[in-house]
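To keep things clear, I will list the structure first and then write my remarks on it.
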Amino acid sequence: MAPASAPATAAAAERDPRIARSRAALREAFITLVEERGIDGFSVGDLCTSAGLNRGTFYNHFRDKESLLASFEDEVIEGLGGVLAKFQNIKLRELAACSLTHRPLPMLVELYDYLREEGPFLHAMLGPGGDARFGMRLREAVCGRFVRSLLHERYQNDPSAFTRYYISFYSGAYLGVISEWIDSGMTETSEEMALISMRLLFIKPGESIKM
């Protein structure tokens, strides 16, 4: 197996149109094969055939299928990080005010816009044939970070058991919301999903679950 030279990162693709085309072809083929066969059901050869590329092109940039997957996943997580950076200074009262007036929080709309753009990849990775580890990364990178940003600053780094379970509880819940949205075809708009996410945060046991 030929060693990889430089990984075909998104940044490298931006500099070289040939890398961009090869990377896009590999990404589309990868998603299709994961959906059809599961992540362990195809080889690098199958991937190259589906992408219309030769194996030499693949090995010029990636060691193996796992390094390709890692590159794609890192790219998505990095993109999410850019969106979530805007959540750093959000206050719970700001979120509550938007919820009471039925206005979607712009940052949440932007988050769902990004998730929609990455919908095919996320559907493949979060599906039965995808990468279970990526779901855990998504839970921490998106859901955990969002929930933590809403906590009062004195709790954001609190190691107590209740704070840990609070973050874990809501992180798991929001990952479930995102997964359901993606799995059901993303029929709701980003604005609608932002409103749903906000409503879920403030709903109380026994209260009407209507919007």
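Below, all heavy atoms of this structure are taken into account, side chains as well, without hydrogens, waters or symmetry copies. Nothing fancy with the numbering, it's 1 onward along the sequence.
Looking only at side-chain heavy atoms (C-beta outward), D183 and L126 stay at 4.5 Å or farther from each other. Residues R199 and I196 form no side-chain contact, since every pair of their non-hydrogen atoms from C-beta on lies 4.5 Å or further apart. Residues R139 and S168 form a side-chain contact, since some pair of their non-hydrogen atoms from C-beta on lies under 4.5 Å apart. Inter-residue side-chain proximity for L200 and Y170 is flagged as unmet; no heavy-atom pair is nearer than 4.5 Å. T187 places none of its side-chain heavy atoms less than 4.5 Å from the side chain of W181. Inter-residue side-chain proximity for I178 and I182 is flagged as met; some heavy-atom pair is nearer than 4.5 Å. Side chains of R63 and L68 form no contact here, defined as non-hydrogen atoms less than 4.5 Å apart. For the pair F62 and L26, the minimum side-chain heavy-atom distance is below 4.5 Å.
Contact check on E140 versus R148 returns a salt bridge, with a Lys/Arg side-chain nitrogen under 4.0 Å from an Asp/Glu carboxylate oxygen. Ion pairing between a basic and an acidic side chain is recognised when a charged N comes within 4.0 Å of a carboxylate O; E191 and R103 show no such pairing. Using a 4.0 Å cut-off between charged nitrogen and carboxylate oxygen, R27 and E118 count as a salt-bridge pair. Electrostatic pairing of R137 and D74 counts as a salt bridge here, judged by a charged N lying under 4.0 Å from a carboxylate O.
For the pair S67 (side chain) and D64 (backbone), a donor-acceptor distance under 3.5 Å is present. Not a single donor-acceptor pair under 3.5 Å links the side chain of K86 to the backbone N or O of P106. Between the side chain of K65 and the main chain of L47, no donor-acceptor pair closer than 3.5 Å is present. Looking at S50, its side chain never comes within 3.5 Å of a backbone N or O of D46 through a donor-acceptor pair. Judged purely by atom type and a 3.5 angstrom limit, S184 uses its side chain to pair as donor or acceptor with the backbone of E180. Listed for the R116 side chain is a donor-acceptor partner under 3.5 Å among the backbone atoms of M186.
Results of the side chain to side chain contact (heavy atoms under 4.5 Å, CB included) test with L115 over V83, L122, V76 single out L122 as the only residue that passes.
Residues L80 and Y114 approach most closely at CD2-CD2, 3.4 Å, considering heavy atoms. Listed here is the closest heavy atom pair of R164 and P159: NE-O, 3.5 Å. The two residues L53 and A25 come nearest to each other via the heavy atoms CD1-CB, 4.5 Å. Between N54 and T57, the shortest heavy-atom distance links the atoms OD1-N, 2.7 Å. The two residues S190 and D113 make their nearest non-hydrogen contact at OG-OD1, 2.6 Å.
For the atom pair R23 CZ and H61 NE2, the distance stands at 10.0 Å (nearest 0.5 Å). Note that CG of L201 is 9.5 Å distant from CG of L108, once rounded to the nearest 0.5 Å. Taken from CD1 in I39 to CZ in F134, the straight-line distance is 10.5 Å, to the nearest 0.5 Å. With rounding to the nearest 0.5 Å, the separation of CZ in F42 from OG1 in T49 is 12.0 Å.
No close placement of the F30 and F121 rings is indicated, their centers lying 6.0 Å or farther apart. The aromatic ring centres of Y165 and F169 sit 6.0 Å or more apart.
Linking ILVMFWY side-chain heavy atoms closer than 4.5 Å, directly or via other members, places M193 and V109 in two distinct hydrophobic clusters.
For E66, the CD atom counts as densely surrounded, since its 6.0 Å shell holds more than 12 non-hydrogen atoms of other residues, nucleotides or ligands. Around CD of E188, the count of heavy atoms belonging to other residues, nucleotides or ligands within 6.0 Å exceeds 12. Within 6.0 Å of CZ on R133 lie no more than 12 heavy atoms contributed by other residues, nucleotides or ligands.
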Going through the distances and angles, do C98 and M198 end up as a side-chain contact (heavy atoms from CB on, under 4.5 Å)?
CA-CA 8 Å; C98 286; M198 291 157 55; 3.3 Å; yes
Chi angles and distances behind the side-chain contact (heavy atoms from CB on, under 4.5 Å) call for F72, I31
CA-CA 10 Å; F72 289 155; I31 291 170; over 6 Å; no
side-chain contact (heavy atoms from CB on, under 4.5 Å), that's the test. Do T189 and E192 meet it? Break it down for me.
CA-CA 5 Å; T189 66; E192 288 172 331; 3.2 Å; yes
Start with the C-alpha gap between L69 and M125, add the side-chain angles, then the distance that decides, and say whether side-chain contact (heavy atoms from CB on, under 4.5 Å) holds.
CA-CA 10 Å; L69 171 62; M125 289 302 101; 3.6 Å; yes
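Between the side chains of S197 and Y112, at least one donor-acceptor pair of N or O atoms lies under 3.5 Å. Residues S171 and R145 bring no donor and acceptor atom of their side chains to less than 3.5 Å of each other.
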